[in-house]
Asker: 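Below is the structure I would like to discuss, written out as structure tokens.
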Amino acid sequence: MHSQSKSNADNAITTENSALLLIDYQSLILLGIQSHDRTLLTNNIVGLARAARAFDVPTVLTTVNARGFGGPFLPELRGIFPDLKTRDRTIINAWEDENFVASVKEARRKTLIIAGLWTEMSLALPVLSALEGGYNVYFVADASGGVNPESHQLAIQQLIQAGARPRTWQQVMFAWQRDWACLDTVDAVREIINSHGGAFPPSLIYETAFSDRENARSLQAPGRGIRPVGMGK
């Protein structure tokens, strides 16, 4: 984990003050999303989840009525958190589920990053409840979708007006990384961007290629004063 400077404000996202809540990322709910491309939504949430795993950020998983209309937890996420328990519930607002709230409190983080698949239900309701509970709340706007674009946008506006802060999944990841000098997670971030970022930044491509070329050159170039076999004195 990264050490954070004292200059960071309480409402800044860091690896040491934040927890990630992933709510209702389920196969049948995903089929009902009409405001966004479902493949893109899946890509975004997988990128976010992989980043949380890379930075060892406490993560809480929950589903709603998984054996009924909600459907099973997305297998793409299950593969990222194979040992993390997913708490299923019947109540619509995840924050009203005692087991879910207990898991959040166990994380001992006052800054919550909330991502919910269905904007109007999975995201909006627990975000509003967490705000009322005194948490600093960020929500991942590009990892949610609604039954239509208008309902999604209205829910997002409601959350902003209530005091929650919108972020994209990549903004969250880069906030966790904070400094490219933190080398322990640089390779993981590069790989996540390459797989889920849409377009790998040209500067990172150049830097990676340059490093590889320099490494190859240092391995191939003979040292000074060393003559190839067979060369006369």
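We're numbering straight along the sequence, starting at 1.
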Asker: Would you check if the side chain of R109 reaches a backbone N or O of T15 as a donor-acceptor pair within less than 3.5 Å?
Answerer: yes

Asker: According to a hydrophobic-cluster definition based on side-chain heavy atoms being under 4.5 Å apart (Ile, Leu, Val, Met, Phe, Trp, Tyr only), do L117 and V140 belong together?
Answerer: yes

Asker: Quick one: does any side-chain atom of Q177 pair with a main-chain N or O of C182 as donor and acceptor, under 3.5 Å?
Answerer: yes

Asker: Can a donor-acceptor pair be found, under 3.5 Å and without considering hydrogens, that links the side chain of T185 to the backbone of A188?
Answerer: no

Asker: Tell me, do I23 and L123 make a side-chain contact under 4.5 Å, heavy atoms counted?
Answerer: no

Asker: Under 4.5 Å between any side-chain heavy atoms of P166 and I160, yes or no?
Answerer: yes

Asker: Keeping to residues at least two apart or across chains, list the side chain to side chain donor-acceptor pair (under 3.5 Å) pairs with something in residues 63-73.
Answerer: T63-D88

Asker: Do W118 and L61 sit in the same hydrophobic cluster, where Ile, Leu, Val, Met, Phe, Trp and Tyr count as joined when their side-chain heavy atoms come under 4.5 Å apart?
Answerer: yes

Asker: Is there side-chain contact between F55 and V172, with heavy atoms separated by less than 4.5 Å?
Answerer: no

Asker: Atom CD1 in I113, atom CD1 in I13: separation rounded to 0.5 Å?
Answerer: 4.5 Å

Asker: Side chains of N93 and S129: is there a donor and an acceptor less than 3.5 Å apart?
Answerer: yes

Asker: For a 4.5 angstrom cut-off between non-hydrogen side-chain atoms, does L28 reach F69?
Answerer: no

Asker: Any side-chain to backbone donor/acceptor pair from N44 onto A143? Under 3.5 Å, distance only.
Answerer: no

Asker: Do L128 and I92 land in one hydrophobic cluster if side-chain heavy atoms of ILVMFWY residues count as linked below 4.5 Å?
Answerer: no

Asker: Could you go through F100 and V60, starting from their C-alpha distance and side-chain angles, then the distance that decides it, and tell me whether this counts as side-chain contact (heavy atoms from CB on, under 4.5 Å)?
Answerer: CA-CA 8 Å; F100 176 77; V60 179; 3.7 Å; yes

Asker: Give me the atom names and distance for the closest heavy-atom approach of G146 to S35.
Answerer: N-OG, 2.7 Å

Asker: Looking only at heavy atoms, which two atoms of D142 and W169 are closest? And how far apart?
Answerer: OD1-N, 3.0 Å

Asker: In terms of hydrophobic clustering (I, L, V, M, F, W, Y; side-chain heavy atoms under 4.5 Å; direct or indirect links), are I33 and F139 co-clustered?
Answerer: no

Asker: How far apart are the C-alpha atoms of L77 and I80, what are their side-chain angles, what is the distance that settles it, and do they pass the side-chain contact (heavy atoms from CB on, under 4.5 Å) test?
Answerer: CA-CA 5 Å; L77 294 179; I80 299 170; 4.3 Å; yes

Asker: Once ring-ring contact (aromatic ring centres under 6.0 Å, His included) is applied, do any residues pair with Y135, and if so which ones, sequence neighbours excluded?
Answerer: W95

Asker: I need the minimum non-hydrogen distance between M173 and A51, along with the two atoms involved.
Answerer: CG-CB, 3.8 Å

Asker: Decide yes or no for E98 and V101: does some side-chain heavy atom of the first lie under 4.5 Å from some side-chain heavy atom of the second?
Answerer: no

Asker: Nearest 0.5 angstrom please: L20 CG to L48 CG, how far?
Answerer: 5.0 Å

Asker: Output every pair passing side chain to side chain donor-acceptor pair (under 3.5 Å) with a member in residues 18-33, not counting sequence neighbours, ordered by first then second residue.
Answerer: S18-W176, D24-R89, D24-S122

Asker: List the atom of V46, the atom of E76, and the distance in Å for their closest heavy-atom pair.
Answerer: CG2-CB, 3.7 Å

Asker: Would you please say whether a donor-acceptor pair under 3.5 Å links the side chains of T86 and R78?
Answerer: yes

Asker: NZ of K110: more than 12 outside heavy atoms within 6.0 angstrom?
Answerer: yes

Asker: Hey, are the side chains of S103 and K85 touching, using non-hydrogen atoms and a 4.5 Å cut-off?
Answerer: no

Asker: What's the shortest heavy-atom distance between N17 and A12, and which atoms?
Answerer: ND2-O, 2.7 Å

Asker: Does V64 reach the side chain of I29, with side-chain heavy atoms less than 4.5 Å apart?
Answerer: yes

Asker: Would R190 and D187 count as a side-chain contact (heavy atoms from CB on, under 4.5 Å) if you check the C-alpha gap in whole Å, the side-chain angles of each, and the deciding distance to 0.1 Å?
Answerer: CA-CA 5 Å; R190 285 177 178 164; D187 288 342; 3.7 Å; yes

Asker: Quick one: closest heavy-atom pair of T119 and S144, and the distance?
Answerer: OG1-CB, 3.4 Å

Asker: Is I193 reachable from L41 through a run of hydrophobic residues whose side-chain heavy atoms are each under 4.5 Å from the next?
Answerer: yes

Asker: When rounded to the nearest 0.5 angstrom, what is the spacing between CD1 in I91 and CG in N99?
Answerer: 11.5 Å

Asker: Report the C-alpha separation of V104 and L112 in whole Å, then their side-chain angles, then the decisive distance to 0.1 Å, and conclude whether the side-chain contact (heavy atoms from CB on, under 4.5 Å) test is met.
Answerer: CA-CA 9 Å; V104 174; L112 301 181; 4.0 Å; yes

Asker: Rounded to the nearest 0.5 Å, what's the gap from CD1 on I45 to CG on L30? Could you check?
Answerer: 11.0 Å

Asker: I want to check something: taking the side chain as every heavy atom from C-beta on, are V186 and V189 in contact at a cut-off of under 4.5 Å?
Answerer: no

